[in-house]
Amino acid sequence: MLRITGKTDVERRVVINTIGPVWEGNQVWLILGGGAIFAAWPMLYAISFSGFYLAMFAVLVCLIIRPVAFKFRSKQASTAWRNTWDWLLTLSGWGAALVFGVAMGNVLLGVPFRLSDDMRIFWDGSFFDLFTPFALLCGLVSLTMLLMHGAAWLVFKTEGAVQARATRWGVMAAVLTTVLYVVAGLWLAKLSGFVLTEAMSTTGPSNPMLKSAAVGEGAWLANYAKQPLLWIVPAIGVCMPLLAALGMKLRREWLGLMSSGLAIAGIVLSVGVSMFPFILPSTVNPQFSLMVWDASSSHLTLFIMLVCAVIFMPIILAYTSWVFHIMRGKVQEKEIEGGKTHAY
């Protein structure tokens, strides 16, 4: 949102300073997520990070450029210098958002990996095979969803011209999120999904070869048929962006921000609800697909993760809440121009 909401250098500094105290912590959550996957589902980590290697590398480049841009853009007063870093900051944000969505789209479609008898992993696809029409649509859902949330945050943290522009773009992004998400959902209903053909043990060894699975048209909607209450999750993904748009339009700042967050939760969780218990389907042979149970770590590893989460997550959340409390309020142009704050 930087280039379209900030038209002057001061306005762009306002935009950057709204997330100045928290962007580093936000990137650490991504690292923590990768580490959690490695610990909980090591085979999932091995296959996805190997098969999506170039895509992951693209995300890594974006996540390296972003902090460099945050730190470097105000080191010189040169207009060309700052514009260059502003563009890099903007494009790296767009790139990461798109790649995350494209990756999720490919997970729903299934990925071309196979396992040998001794559990060695083979990837039969290529980087450019990832950019299918459905995967690109999922990338656009991810992009508009995060644009919506960024706009809702700017409406919450800024005022004046920046807030007005964020409202206008945020409303459009929110409506577009709902439209694209509905289109993706209707498309998904027509796609082939994966389904277990016989019951499997949830406490057996972590070996994907021990189950029996098949491909079935519309199988990704089977969980909703079994548990109709689960339709609440995609309903949240459809309705909350519209409520976020209304909140931004009416300048109900808390409503816009919280609705946007709930919209992201609904959209992301709907993928998990549709796929459960599959976490990485194989298009080479459905039997090779990874599931929550047959690709997990040992009970001891999962128990240690549980203990660590119970102890450290409340501490991290308490600290993060404290940071947001201390840095509450609007970021104002006069504070940045006056040099009274240690601003970017």
Side-chain angles (χ1 to χ4, degrees), residues 22-53 55-57 59-60 63-64 67 96 99-101 103-104 106-108 110-111 113 115 118-121 123 142 146 194 196 199-211 213 223 227 230 233 236 261-262 264-282 287-324:
V22 297
W23 67 262
E24 289 179 285
N26 291 346
Q27 294 211 158
V28 172
W29 282 109
L30 294 175
I31 299 171
L32 180 63
I37 292 174
F38 174 73
W41 294 289
M43 190 174 292
L44 171 65
Y45 181 92
I47 294 175
S48 60
F49 277 65
S50 298
F52 296 151
Y53 183 80
M56 294 293 184
F57 188 80
V59 170
L60 182 62
L63 296 182
I64 291 173
V99 173
F100 283 142
M104 291 308 301
N106 277 280
V107 170
L108 285 165
V111 292
F113 74 91
L115 304 174
D118 57 357
M119 300 297 289
R120 285 189 299 165
I121 301 165
W123 186 273
S142 173
L146 295 177
F194 293 73
L196 282 172
M200 64 171 291
S201 172
T202 60
T203 58
S206 294
N207 186 344
M209 307 291 285
L210 300 180
K211 68 172 175 297
N223 287 338
Q227 300 289 340
L230 292 175
V233 177
I236 290 173
L262 287 172
I264 293 175
I267 292 171
V268 173
L269 288 174
S270 67
V271 177
V273 170
S274 298
M275 293 182 60
F276 185 84
F278 291 87
I279 51 177
L280 192 65
S282 169
Q287 184 184 7
F288 299 149
S289 301
L290 304 185
M291 303 181 68
V292 172
W293 303 298
D294 63 14
S296 68
S297 293
S298 67
H299 284 196
L300 177 60
T301 301
L302 297 176
F303 177 74
I304 292 173
M305 290 183 66
L306 174 63
V307 172
C308 292
V310 169
I311 294 174
F312 291 107
M313 283 296 292
I315 297 174
I316 296 171
L317 292 174
Y319 169 75
T320 304
S321 300
W322 178 77
V323 170
F324 277 94

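Please read these numbers as outputs of a predicted model, since none were measured by experiment.
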Can you list the residues that meet the side chain to side chain contact (heavy atoms under 4.5 Å, CB included) rule with [X], with sequence neighbours excluded?
| X | result |
| --- | --- |
| Met56 | Phe49, Phe52 |
| Tyr319 | Trp322, Val323 |
| Ala40 | Leu302, Met305 |

What closest approach, in Å, do [X] and [Y] show between heavy atoms, and which atom pair accounts for it?
| X | Y | value |
| --- | --- | --- |
| Phe194 | Gly110 | CE1-CA, 4.4 Å |
| Ala55 | Val99 | O-CG1, 3.7 Å |
| Ile279 | Val107 | O-CG1, 3.8 Å |
| Ser289 | Ser282 | OG-N, 2.9 Å |
| Met119 | Met209 | SD-CG, 3.8 Å |
| Ser206 | Ser297 | OG-O, 4.3 Å |

Tell me which pairs pass salt bridge (Lys or Arg N to Asp or Glu O under 4.0 Å) where either residue lies in [range], with sequence neighbours left out.
| range | result |
| --- | --- |
| residues 297-322 | none |
| residues 290-301 | Lys211-Asp294 |
| residues 33-42 | none |
| residues 29-51 | none |

Are the side chains of [X] and [Y] in touch, meaning some heavy atoms are under 4.5 Å apart?
| X | Y | answer |
| --- | --- | --- |
| Leu210 | Asn207 | yes |
| Leu290 | Phe278 | no |
| Leu146 | Ile264 | yes |
| Pro208 | Met43 | yes |
| Leu280 | Met291 | no |

Across all chains, not counting sequence neighbours, the side-chain hydrogen bond (donor to acceptor under 3.5 Å, both in side chains) partners of Ser321 are none
Donor-acceptor pairs are to be reported for all side-chain atoms of residues 24-37 against protein atoms at under 3.5 Å, with residues two or more places apart or in another chain.
from: Gln27; atom 1: OE1; to: Arg66; atom 2: NH1; distance (Å): 2.9
from: Gln27; atom 1: NE2; to: Leu63; atom 2: O; distance (Å): 3.3

All ring-ring contact (aromatic ring centres under 6.0 Å, His included) counterparts of Phe288, not counting sequence neighbours
none
Listed pairs under 3.5 Å, donor-acceptor, residues 269-277 side chains, sequence neighbours left out:
from: Ser270; atom 1: OG; to: Tyr181; atom 2: OH; distance (Å): 2.8
from: Ser270; atom 1: OG; to: Gly266; atom 2: O; distance (Å): 3.4
from: Ser270; atom 1: OG; to: Ile267; atom 2: O; distance (Å): 2.6
from: Ser274; atom 1: OG; to: Tyr224; atom 2: OH; distance (Å): 3.1
from: Ser274; atom 1: OG; to: Ser270; atom 2: O; distance (Å): 2.8

Give the table of side-chain donor-acceptor pairs shorter than 3.5 Å for residues 309-316, with sequence neighbours excluded, one pair per line with atom names and distance.
none

Parallel, tilted or perpendicular, judged at 30° and 60°: which one describes the rings of Trp123 and Phe113?
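Correct class here is parallel.
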